[in-house]
Structure formats: structure tokens, C-alpha cells
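Please read the structure below before turning to the comments.
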2 protein chains.
Amino acid sequence: MSNIGSNADGLTASPSGACCAPLASVSLDPAAAADMAKMFKAMGDPVRLRLLSLIAAHPEGEVCVCDLTDLFDVAPPTISYHLKLLREAGLVDHERRGTWVYYRPMRDRLYRLSALLAAPDLTGIPK
Amino acid sequence: MSNIGSNADGLTASPSGACCAPLASVSLDPAAAADMAKMFKAMGDPVRLRLLSLIAAHPEGEVCVCDLTDLFDVAPPTISYHLKLLREAGLVDHERRGTWVYYRPMRDRLYRLSALLAAPDLTGIPK
DNA sequence: CCTCTATATTGACCTCCATCTAAGTTTGGA
DNA sequence: TCCAAACTTAGATGGAGGTCAATATAGAGG
């Protein structure tokens, strides 16, 4: 973070000069990368990815935690811990209604990640 | 993994019965989740995500390691370590030509992840 | 060959993470 | 008011992960 200028799009133009290739054109700047990485990291655990998938796949658009715990081989506190990480990564939202707690996917954030991966240059800007 | 039947698509039909909602319809099965999670995990580190972005964004379609090391605040062995993880996750490919080593993105795998996130139910099957 | 350069591997270190048990909190009902 | 159910939080622990310095390997060039 010194000779690299960035803009509001979270992109960075790399400096030229190297051993064998011209320049790195445009790519994610460190700040944007950190935010994206947090989301990817949250999905980087099999239990959390399955949790996210189950939440996103639910026809009602939300899932009660009580419906999730039985599907895994880990104890309820562990499920709670993973859901917390998914929340902190901004991938799911939650709401308490009565005794139960319901989780919803945050689709705008998921689409943003999808767009990042769909862009040939991984800049987050498709097309 | 017991009462959950899966098929070749990497999807799982969940059993019914729960406290407050019907059933979890269809979602990633544990095996598919593990494979996907490995890729997401590889992108879950800021250094690795930036590396991947730099590699994917390069106009030549490939990048010399020598062009990458200077862009980060970590020592060369650390860059090498991160590139190895990206390789093992199947996100990049590499080839040695003379003294230098070049890395290329594996776009089919990246598109697959993109499709997973684009699907409203995170099944990996868009539409 | 010998050596220099470019990467990779090894080993050590320390932090972070996934998991559990046990205890706390919130809510609804007897 | 008291208890039980549904989560969540706290504390502990074993293991995985990121980093570096030191060493190894692979080519290119003399």
C-alpha cells in the first residue's frame, strides 16, 4: 500500500516494471480484498457452506435454527458459532420470533460474490 | 450422513419432520460442500484473493511469480505457500519455463463457484 | 562445473479456529 | 412463579494456518 493508487470501485492499477511481463493491469485492492476474503472465509468451512446452502434453499426464504441442528454431526453450540460467523460476514440475517430464531440469506451480498467470480479478471465488475 | 440420500448432482433431499417449518428441500450434500468449501477457503485469505485476482486479471492470461512477490508485504516463501494452496484448491495452474514459473487461472472452476452463488438456492445449478 | 537467480520446501513459532461441556438468557406455558 | 425448550455465550483444548529464516532445487550463463 504505497505506490498503488486505488479508487472507489475497490480496484487498483498496479505499477509497471517487472522481470518478464508488462503490468498487472487492474485487480482488487487490499481493502476490497479483505472484505471479500471475509465472506469467502466464512464459506470456507464445510459446515458453514452447508448451513448457508440450507438457508438459501429454503422455500420460505428463512430457516429456523431448530431445523438445522439435527442435520449435522456437531453440537448445537457449534452450529450457533458457525451461524454467528456467517452473520458477521454479512451472508445471513437473523430474527427472533418467540422461542425460535430464523435465518435468512443476504442475497445481494451473495450476488456480489458471484459477480466477482464471473468477471474474467476478478474485479467484481462483470462484462 | 445417514438418512440423507444424495445423487450425482451433488444435491441432497433432506428428511421432513422438524419443529416449525416443513423441510429443507434441496441443498449441497456434505461431499460437494467439502469440495466447494476447499475452494472458498483458498479465497478466504486476503493475500490469496489478491493473488488470484492479479493472476486472473493479467492480459497475457498468465503471470510470472516474479511479478507478484513485490506487490505484497510478505516474504517470497509466504507467496509460494499461498500459491500452493491456490493450486491445491484447483483455482490456478502453473508451468515452469526456464527460470520463471507462470500461473494461470482455472476459469472453469471459478465459473462453477460463480454459478453456485448465482443460484437462488445455492445448489450450484443456476436458473 | 560453478555460480547466480528464481521458486519451492522445511522447521519453528505463534496465533487463530472448530469443537466440546457447562452455564446463561429469553420466551412460552402450566 | 417456576420450569422447560431454544438458542447463545464462556471457557478450555487440540489442531490447523500464516509467517519467517534457512535450506534446497532448478535453470541459465559463464
Side-chain angles (χ1 to χ4, degrees), chain A residues 17-21 24 30 33-34 37-52 54-55 62-89 91-104, chain B residues 1 17-21 24 30 33-34 36-52 54-55 62-89 91-104:
Chain A
C19 77
C20 39
K38 187 173 184 181
M39 291 191 265
F40 284 130
K41 185 179 204 175
M43 292 189 291
D45 179 275
V47 172
R48 284 196 295 271
L49 187 55
R50 285 181 60 208
L51 280 171
L52 182 61
L54 287 164
I55 293 169
E62 59 181 14
V63 186
C64 174
V65 175
C66 61
D67 281 333
L68 295 172
T69 47
D70 294 336
L71 299 176
F72 295 82
D73 287 336
V74 298
T78 302
I79 296 294
S80 195
Y81 161 73
H82 285 303
L83 288 173
K84 181 184 182 182
L85 290 193
L86 287 174
R87 248 161 42 211
E88 291 176 347
L91 294 174
V92 300
D93 195 6
H94 74 312
E95 177 191 352
R96 172 167 215 137
R97 287 204 301 277
T99 308
W100 298 287
V101 176
Y102 297 84
Y103 278 78
R104 260 187 309 275
Chain B
M1 311 108 213
C19 77
C20 39
M36 299 280 195
K38 187 173 185 181
M39 291 190 267
F40 285 131
K41 186 185 227 172
M43 292 188 291
D45 179 274
V47 172
R48 283 196 296 272
L49 186 56
R50 284 181 59 207
L51 280 171
L52 182 60
L54 286 164
I55 293 168
E62 59 181 14
V63 187
C64 175
V65 175
C66 61
D67 281 333
L68 295 172
T69 46
D70 294 335
L71 300 176
F72 294 84
D73 287 335
V74 298
T78 302
I79 296 293
S80 196
Y81 161 74
H82 285 303
L83 288 172
K84 181 183 183 183
L85 290 193
L86 287 174
R87 248 160 43 212
E88 291 175 347
L91 294 174
V92 299
D93 196 5
H94 74 310
E95 177 191 352
R96 173 165 217 137
R97 287 205 299 277
T99 307
W100 298 286
V101 176
Y102 297 85
Y103 278 77
R104 262 188 310 274

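First the proteins, then the strands, lettered A, B, ... as listed; each starts at 1. Heavy-atom basis, side chains included; hydrogens, waters and symmetry copies ignored.
Contact record, A:A89 with A:K38: CB-O, 3.9 Å, taken as the closest heavy-atom pair. Closest heavy-atom contact between B:V63 and B:L54: CG2-O, 3.7 Å. Of all heavy-atom pairs spanning B:P46 and A:A37, the tightest one is N-CB, 3.7 Å. Nearest heavy atoms, A:M39 versus A:L91: O-CD1, 3.7 Å. Looking at every heavy atom in both residues, B:M43 comes nearest to B:L49 through O-CB, 3.7 Å. Contact record, A:L86 with A:R48: CD1-O, 3.8 Å, taken as the closest heavy-atom pair.
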TODO: Start with the C-alpha distance between A:I55 and A:L83, add both sets of side-chain angles, then the distance that settles side-chain contact (heavy atoms from CB on, under 4.5 Å), and finish with yes or no.
DONE: CA-CA 10 Å; A:I55 293 169; A:L83 288 173; 4.0 Å; yes

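Residues forming a side chain to side chain contact (heavy atoms under 4.5 Å, CB included) with A:R87 (at least two apart in sequence, or on another chain): A:K84, A:V92, A:H94, A:Y103. B:D93 is linked by a side chain to side chain contact (heavy atoms under 4.5 Å, CB included) to B:R104, B:M106, counting only residues two or more places apart in sequence or in another chain.
Proximity of a side-chain donor or acceptor of B:R50 to a complementary backbone N or O of B:L71 within less than 3.5 Å is detected.
Here C:dC16 presents its P atom at 16 Å from CZ of A:R48, a figure rounded to the nearest Å. For B:D67 and C:dT7, the CG to C1' distance is 14 Å, given to the nearest whole Å. The distance between atom NE2 of A:H94 and atom P of D:dT8, rounded to the nearest whole Å, is 7 Å. Residue A:E95 contributes atom CD, which lies 15 Å from atom C1' of D:dC7 at whole-angstrom precision. Atoms CH2 (A:W100) and C1' (D:dT8) sit 17 Å apart, rounded to a whole Å. Regarding B:E88, its CD atom lies at a distance of 15 Å from the P atom of D:dA16, rounded to whole Å.
Taken residue by residue, residues 40-47 of chain A places no heavy atom nearer than 4.0 Å to DNA chain D. The stretch residues 77-87 of chain B touches DNA chain D through B:P77, B:T78, B:Y81, B:H82, B:L85, each having a heavy atom under 4.0 angstrom from the strand.
Taken to the nearest 0.5 Å, the NZ atom of A:K41 stands 15.5 Å off from the CZ atom of B:F40.
Within the nucleic acid shown, A:Y103 comes within 4.0 Å of sugar-phosphate atoms alone, with no base atom in reach, counting heavy atoms only.
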Task: B/S/- contact track for nucleotides 23-30 of chain D, protein heavy atom under 4.0 Å - done: ----SS--

